[in-house]
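See below for the structure under consideration.
The model shown is predicted, which means the values in this text are computed figures rather than measured ones. Throughout, protein chains are lettered first and strands after them, A, B, ... in sequence-line order, and every chain is numbered starting at 1. Side-chain atoms are counted along with the backbone in the values below, which use heavy atoms only and exclude waters and symmetry mates.
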There are 2 protein chains.
Amino acid sequence: MLAYCGVVGEDVFKALADPTRRRILDELVERDGQTLFEICTRLVTKHNLGLSRQAISQHLAVLESAGLIRTRRQGRYKFHDLETEPLERIVTRWLRPDTPEENS
Amino acid sequence: MLAYCGVVGEDVFKALADPTRRRILDELVERDGQTLFEICTRLVTKHNLGLSRQAISQHLAVLESAGLIRTRRQGRYKFHDLETEPLERIVTRWLRPDTPEENS
DNA sequence: ACAATAGGCAAGCATCCACTTGCCTATCAA
DNA sequence: TTGATAGGCAAGTGGATGCTTGCCTATTGT
């Protein structure tokens with residue numbers, strides 16, 4: 001459960017800085033729990049993004065280390081689930097500055 | 001007033017990707033309408049950020065082109081005002097995906 | 001066992017980005 | 001007018017970053 005009390009890794013902002021990673025989040029909002037290959041094919045077909053499998057894999061790694069997605073293995077499949085908790089924090093930093101800010 | 005209907009420039013995310021620029025936003029939340037030199041000195045004294053004036057100036061340019069700050073000249077002074085409107089959009093993209101998304 | 005599928009690791013590369021340095025313009029005070 | 005203050009422009013540089021390529025491991029089906 002990992003209560004994540006307080007600090008938001010600055011990785012969250014860097015993770016969101018890339019348009020492809022934002023597309024991936026869009027994709028997971030629309031359909032959660034996809035595998036790497038599913039995300040690959042959907043990015044190619046729907047958004048005409050001609051990216052290699054490794055490119056997407058690296059993006060997913062960035063998103064995971066930023067806490068924006070969570071993964072679970074199942075046999076040879078690895079499913080990716082969206083994690084919206086870090087998103088709720090990052091903007092309250094400037095919109096509701098009354099709350100104690102321990103961000104970086 | 002510039003109703004900004006629809007699209008959020010992807011610059012907003014890139015603008016937020018840098019920790020120094022986030023510090024600047026913090027600084028403007030705390031005290032709006034500062035000049036370049038004020039921001040410089042406060043970043044140095046309060047956060048021990050040893051950055052040149054040009055560095056801050058360039059950061060301010062990025063924030064402005066992202067729509068996160070607005071500037072007004074007055075004599076030889078240039079005041080920087082926070083603009084929170086783009087911030088409200090970026091997170092609703094994934095938190096409230098019901099709204100029509102025209103983001104990039 | 002063997003091939004196919006799903007994914008991982010690591011080196012290499014080209015581009016981008018933050019920062020510096022040096023010099024220039026504009027406004028104000030004496 | 002002269003000097004000081006506030007800010008701008010542009011070239012250069014080192015490090016980060018996104019992407020590719022090549023090869024490797026693990027699981028599944030026949």
A:Leu51 CG to D:dT21 C1', straight-line distance once rounded to whole Å
15 Å
To the nearest angstrom, the OH-C1' distance between A:Tyr77 and D:dG29 comes to 10 Å
Note: for A:Arg76 and A:Asp18 on DNA chain D, the residue whose nearest nucleotide lies more 5' is A:Asp18
Please enumerate all residues that pass salt bridge (charged side-chain N to carboxylate O under 4.0 Å, His left out) together with B:Glu38, with sequence neighbours excluded.
B:Arg31
Between atom CD1 in A:Ile24 and atom C1' in D:dC19, what is the gap in whole Å?
13 Å
Under a 4.0 Å N-O cut-off, is there an ion pair linking B:Arg93 with A:Asp26?
yes
Minimal non-hydrogen separation, A:Arg53 against A:Cys40, with atom names:
CA-SG, 3.8 Å
DNA chain D in dot-bracket, Watson-Crick or G-U pairs under 3.5 Å, [ ] crossing, | other strand?
||||||||||||||||||||||||||||||
Here the residues of residues 52-63 of chain A within 4.0 Å heavy-atom distance, strictly under, of DNA chain D are A:Ser52, A:Gln54, A:Ala55, A:Gln58, A:His59
When you measure from the side-chain N and O atoms of B:Lys78 to the phosphate of D:dG8, is any distance below 4.0 Å, counting only OP1 and OP2?
yes
Interface with DNA chain D, restricted to residues 32-48 of chain B and to heavy atoms under 4.0 Å
B:Thr35, B:Leu36, B:Phe37
In whole Å, I'd like the distance from the CG atom of A:Asp11 to the C1' atom of D:dG18.
17 Å
What is the distance, to the nearest angstrom, from the CZ atom on A:Arg73 to the P atom on D:dT28?
10 Å
Contact summary for B:Gly67 and B:Pro86, nearest pair of heavy atoms:
O-CG, 3.3 Å
Whole-Å distance separating the CZ atom of A:Arg23 from the P atom of D:dG18:
17 Å
Who passes side-chain hydrogen bond (donor to acceptor under 3.5 Å, both in side chains) against B:Arg72, sequence neighbours left out?
B:Asp81
Tell me every residue that passes side-chain hydrogen bond (donor to acceptor under 3.5 Å, both in side chains) with B:Thr71, counting only those two or more places apart in sequence or in another chain.
B:Glu64
